[in-house]
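One structure is given here, and the rest of the page talks about it.
Counting from 1, the numbers follow the sequence of the chain as shown.
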Amino acid sequence: MKAFQDGSTEVFRQRYPAGHASLRHSLTDHPLLTLDRLLALSKTLPEAAIEYNAGDLPVSQDPAKTPMNGLDVEETIRRIAENESWLVLKNIEQDEVYASLLEETLSDLADAIQRGTGEMFKREAFVFISSPGAVTPFHMDPEHNILMQIRGSKIFHLFSAPMGAIVSEEQHEAFYADEGHRNLPYRDEFKTYEKMIEMEPGDALYVPVKTPHWVAVGPEVSVSLSVTWRSRASDREAHLRQANRWLRAHGFSPPPAGQSPVRDGVAALGARAAARFRR
């Protein structure tokens, strides 16, 4: 079965990699994505692959103060309709049947991705299970990401802004140096860049690397599948930001990313070489 409906792959090809794209998918009735099957999956994943907390959160949530829901994982999933919670199963490709689902899903888009950014690597999949009204706070992610709505509805608040308008150079650098959380401080003036995208079962959304966003679940339980990958471009930026972080910590003032492409290339190459040396 094709994961994406006719027309979606062409829309994706036209927008990838820099522009978000609304798509349609065919996985709403997939047997691996029912709550019962996901509960069974949760019992096989390592503890580090499951993150959950209270879902009644402000958009600008301090990650150090995120409240727990007082339940265990199984009870969180079984009572998700009533317990005001948010849960993610990370790296579900650790299970071979979900690894196959990930590969089959991305295979529909492989040609467009290859043409746009070259080889796909670090392919991963995540499932989000959320109570009615739950909020995923304002944040950014380091991967190319397609979110597919399986059950329930969401409003996806996406912010397409010029470099530096929402996330500073220092925030980018801390993020890639594992010194900054994915959550971001939110300010009302960011609404200038906001686009609200309603998502129902069968809807999918391509979200470019590090596009700031927050998500609000509708009046029913929500299940979403996220498939992600890295590219040469995203890997290069990660190494550039790490190099700039090191320079800033040692008293230098590196120029903003993109201002000097030659210099950026040298810095990213140096950071990549240093990472290989440390390994």
Side-chain angles (χ1 to χ4, degrees), residues 3-5 7-25 27-28 55-61 63 86 88 105 109 112-113 116-117 126 128 130 132-169 171-172 175 180-220 222-229 231 233-234 237 256-258:
F4 294 98
Q5 296 178 8
S8 285
T9 53
E10 179 59 23
V11 171
F12 176 79
R13 186 192 66 78
Q14 292 173 1
R15 301 289 293 166
Y16 182 76
H20 70 273
S22 293
L23 315 172
R24 292 288 297 171
H25 72 84
L27 301 182
T28 53
D56 184 16
L57 301 177
V59 174
S60 190
Q61 174 66 44
W86 172 94
V88 57
T105 301
L109 306 174
I113 293 170
T117 56
F126 307 80
F128 298 91
S130 310
V135 169
T136 303
F138 192 52
H139 70 286
M140 63 181 181
D141 299 306
E143 317 96 341
H144 303 276
N145 174 29
I146 296 178
L147 181 72
M148 291 176 277
Q149 193 65 19
I150 306 300
R151 170 179 172 177
S153 63
K154 285 181 173 177
I155 297 181
F156 198 101
H157 299 254
L158 181 147
F159 295 74
S160 296
M163 187 65 69
I166 292 179
V167 186
S168 69
E169 292 293 312
Q171 285 175 302
H172 281 293
F175 180 71
H181 195 269
R182 65 177 181 264
N183 285 12
L184 297 167
Y186 179 81
R187 299 197 297 272
D188 285 342
E189 55 261 38
F190 295 163
K191 286 184 177 293
T192 302
Y193 310 108
E194 181 180 26
K195 182 177 180 61
M196 291 188 290
I197 301 169
E198 297 184 11
M199 300 187 68
E200 301 284 344
D203 289 333
L205 179 66
Y206 166 65
V207 184
V209 175
K210 290 193 300 152
T211 299
H213 60 278
W214 67 276
V215 184
V217 172
E220 300 176 348
S222 170
V223 177
S224 304
L225 170 67
S226 177
V227 294
T228 73
W229 65 97
S231 65
S234 65
E237 183 181 2

Quiz item: Which pair of heavy atoms, one from Leu23 and one from Ser8, lies closest together, and at what distance?
Solution: CD2-O, 3.4 Å
Quiz item: Side chains of Pro185 and Gln171: closer than 4.5 Å at any heavy-atom pair?
Solution: yes
Exercise. Flag the pair Asp141 / Thr228 as yes when at least one side-chain heavy-atom distance between them is below 4.5 Å, and no otherwise.
Key: no
Quiz item: Is there a side-chain contact between Met140 and Arg182 (heavy atoms, below 4.5 Å)?
Solution: no
Quiz prompt | Rounded distance (nearest 0.5 Å) linking atom NZ of Lys210 with atom CE of Met163 | solution = 5.5 Å
Quiz item: Would a 4.5 Å heavy-atom cut-off, applied to side chains only, mark Asn145 and Phe126 as touching?
Solution: no
Quiz item: Okay, side chain of Glu169, backbone of Ala257: is any donor-acceptor separation there less than 3.5 Å?
Solution: yes
Self-check item: Heavy-atom closest contact (Pro208 atom, Ala18 atom, distance)
Solution: CG-O, 3.4 Å
Quiz item: Do you know which two heavy atoms are closest between Ser60 and Tyr186, and how far apart they sit?
Solution: OG-N, 3.1 Å
Quiz item: Are Ser222 and Gln149 linked by a side-chain donor-acceptor pair shorter than 3.5 Å?
Solution: yes
Exercise. Mark yes or no for whether Gln5, through its side chain, and His25, through its backbone, hold a donor-acceptor pair below 3.5 Å.
Key: yes
Self-check item: Donor-acceptor pair between Thr211 and His20 side chains, under 3.5 angstrom
Solution: no
Exercise. Taking all non-hydrogen atoms of both residues into account, name the closest pair between Pro142 and Val209 and its distance.
Key: O-CG1, 3.5 Å
Quiz item: Stepwise, does the side chain to side chain contact (heavy atoms under 4.5 Å, CB included) test hold for Phe175 with His139?
Solution: CA-CA 11 Å; Phe175 180 71; His139 70 286; over 6 Å; no
Quiz prompt | Minimum-distance pair of heavy atoms, taken over all atoms of Tyr193 and Pro162 | solution = CE2-CD, 3.5 Å
Quiz item: Taking side chain as C-beta onward, heavy atoms only, is Ser224 less than 4.5 Å from Lys154?
Solution: yes
Self-check item: Lys/Arg-Asp/Glu bridge criterion (N-O < 4.0 Å) met for Arg24, Asp203
Solution: yes
Quiz item: What distance separates Glu198 CD from Ser153 OG, expressed to the nearest 0.5 Å?
Solution: 8.0 Å
Quiz prompt | Contact check, side chains of Phe138 and Phe159, non-hydrogen atoms, under 4.5 Å | solution = yes
Quiz item: Looking at side-chain heavy atoms only, is the closest gap between Leu205 and Ser22 below 4.5 Å?
Solution: yes
Self-check item: Between CG on residue Asn183 and CG on residue Leu57, distance to nearest 0.5 Å
Solution: 9.0 Å
Quiz item: So does Glu194 have more than 12 non-hydrogen atoms from other groups sitting under 6.0 Å from CD?
Solution: yes
Exercise. May I ask you to decide if the ring planes of Phe128 and Trp86 are parallel, tilted or perpendicular, using 30° and 60° as cut-offs?
Key: tilted
Quiz item: Is there a side-chain contact between His144 and Pro17 (heavy atoms, below 4.5 Å)?
Solution: yes
Practice problem: Could you please spell out the steps behind the side chain to side chain contact (heavy atoms under 4.5 Å, CB included) verdict for Leu109 and Ile146? | Solution: CA-CA 11 Å; Leu109 306 174; Ile146 296 178; 3.1 Å; yes
Quiz item: Under the side chain to side chain contact (heavy atoms under 4.5 Å, CB included) criterion, do His213 and His157 qualify, and how do the steps go?
Solution: CA-CA 5 Å; His213 60 278; His157 299 254; 5.8 Å; no
Quiz item: Would you call the rings of Tyr206 and Trp229 parallel, tilted or perpendicular if under 30° counts as parallel and over 60° as perpendicular?
Solution: parallel
Exercise. Kindly give the heavy-atom pair with the smallest separation between Met199 and Leu147, and that separation in Å.
Key: CE-O, 3.5 Å
